[in-house]
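Notes for the one structure printed next.
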Amino acid sequence: MPKDLVAPRTGWLVPAGLIALGFVPLLAGAVRLAELLSGAEITQANARFFASPVPIVAHIAGVTVYSAAGAFQFASRFRRRRRGWHRRAGRVLAGFGMVAAASGLWMTAFAELPAGDGGLLSVFRWVAGTVMLASLVLGIAAIRRRDVRGHRAWMTRAYAIGLGAGSQAVTQAVWITAAGAPPDHLTRALLLGAGWAINAAVAEAIIRRRGWRAGAA
């Protein structure tokens with residue numbers, strides 16, 4: 001992760017902001033998990049999760065740990081003082097990130113999706129999950145060959161995709177506030193896709209600004 005992403009005095013603003021961005025989807029995941037564990041009433045909205053709970057539980061656990069704990073990899077001062085923690089935590093977080101991406105892809109492929117979750121939205125989910133999983137694999141491969149810049153770039157991309165649900169909460173909230181009504185299926189798919197696209201664009205801007213190119217000196 002970036003060594004000089006932010007100035008020391010504001011080093012905690014970035015992880016705090018990342019955690020705040022992911023708060024709504026993490027809260028939604030916690031509610032869903034509590035619903036499953038408490039044996040809540042089965043409805044049309046949650047029936048597929050009760051029918052096959054393992055993938056959604058794995059997804060919630062993976063996303064929660066990856067997005068929340070992963071934010072601290074961006075705390076520059078903390079990371080510099082605890083380099084061993086950064087390496088050990090990075091290995092664990094990469095595993096949780098892979099679980100999050102793989103379980104999301106599994107549900108996209110095999111779960112009985114509700115109306116509006118197929119078609120274009122499924123395409124977006126396939127792209128996001130594949131890019132996240134591939135970025136994690138490439139990030140691990142990069143650090144194994146001591147390509148630190150390439151490692152930073154790929155891990156930044158993976159984290160950006162993993163935090164997509166946070167930006168998606170924002171894009172949907174903006175739409176509902178402006179339109180005064182929930183989006184239709186197509187608009188919702190585009191809003192969710194926009195959340196991933198925004199995060200990916202921000203990640204690429206940071207990578208370009210810092211010069212994190214594979215093999216760069």
So the ring pair (Phe, Tyr, Trp, His ring centres under 6.0 Å) pairs with at least one residue in residues 98-129 (sequence neighbours excluded) are Trp106-Phe110
Separation between CD (Gln168) and CG (Asn199), nearest 0.5 Å, reads 8.0 Å
Contacts satisfying ring pair (Phe, Tyr, Trp, His ring centres under 6.0 Å) that involve residues 163-202 (not counting sequence neighbours) are none
CG (Leu105) and NE2 (His59) are apart, to the nearest 0.5 Å, by 9.5 Å
Any donor and acceptor pair, going by atom type alone, linking the side chain of Tyr66 with main-chain N or O of Gly162 inside 3.5 Å? no
Relative to each other, are the rings of Trp12 and Phe72 parallel, tilted or perpendicular (30° and 60° limits)? perpendicular
ILVMFWY cluster, Ile161 and Leu133 together (side-chain gap under 4.5 Å): yes
Output for pair (Thr177 OG1, Gln172 CD), nearest 0.5 Å, gives 11.5 Å
For Met107 and Pro55 the tightest heavy-atom approach is CG-CB, 3.7 Å
Query raised in the report: Honestly curious: do Val174 and Leu190 fall in one hydrophobic cluster under the side-chain, below-4.5 Å linking rule?
Result: yes
dist Phe50:CZ -> Ile42:CD1 (nearest 0.5 Å) comes out at 5.5 Å
Next on the checklist: Starting from Val14, can I reach Met155 by hopping between I/L/V/M/F/W/Y residues whose side chains sit under 4.5 Å apart?
Outcome noted: yes
Exercise. Hey, is the main chain of Phe49 close enough, under 3.5 Å, to the side chain of Asn46 for a donor-acceptor pair?
Worked result: no
Original post:
Backbone N or O of Ala142 within a donor-acceptor pair of the His151 side chain at under 3.5 Å?
Top reply: no
Heavy-atom donor-acceptor pair, Thr64 side chain to Leu26 backbone, under 3.5 Å: no
**Asked** Applying the 4.5 Å side-chain criterion to the ILVMFWY set and letting contacts propagate, would Ile60 and Leu93 be lumped into a single cluster?
**Response** no
| task | Say whether Leu37 and Val57 are linked into one hydrophobic cluster, either directly or through other cluster members, by side-chain heavy-atom distances under 4.5 angstrom. | result | yes
Expected output: side-chain Arg125 to main-chain Gly104 donor-acceptor under 3.5 Å: no
To the nearest 0.5 Å, atom CG of Leu136 lies from atom CD1 of Ile140 at 6.5 Å
Per salt bridge (charged side-chain N to carboxylate O under 4.0 Å, His left out), Glu204 is matched among Arg157, Arg210, Arg209 by Arg157
Heavy-atom closest pair (Ala153 atom, Ile207 atom, distance to 0.1 Å) is O-CD1, 3.4 Å
Separation between CG (Leu21) and CG (Leu163), nearest 0.5 Å, reads 4.5 Å
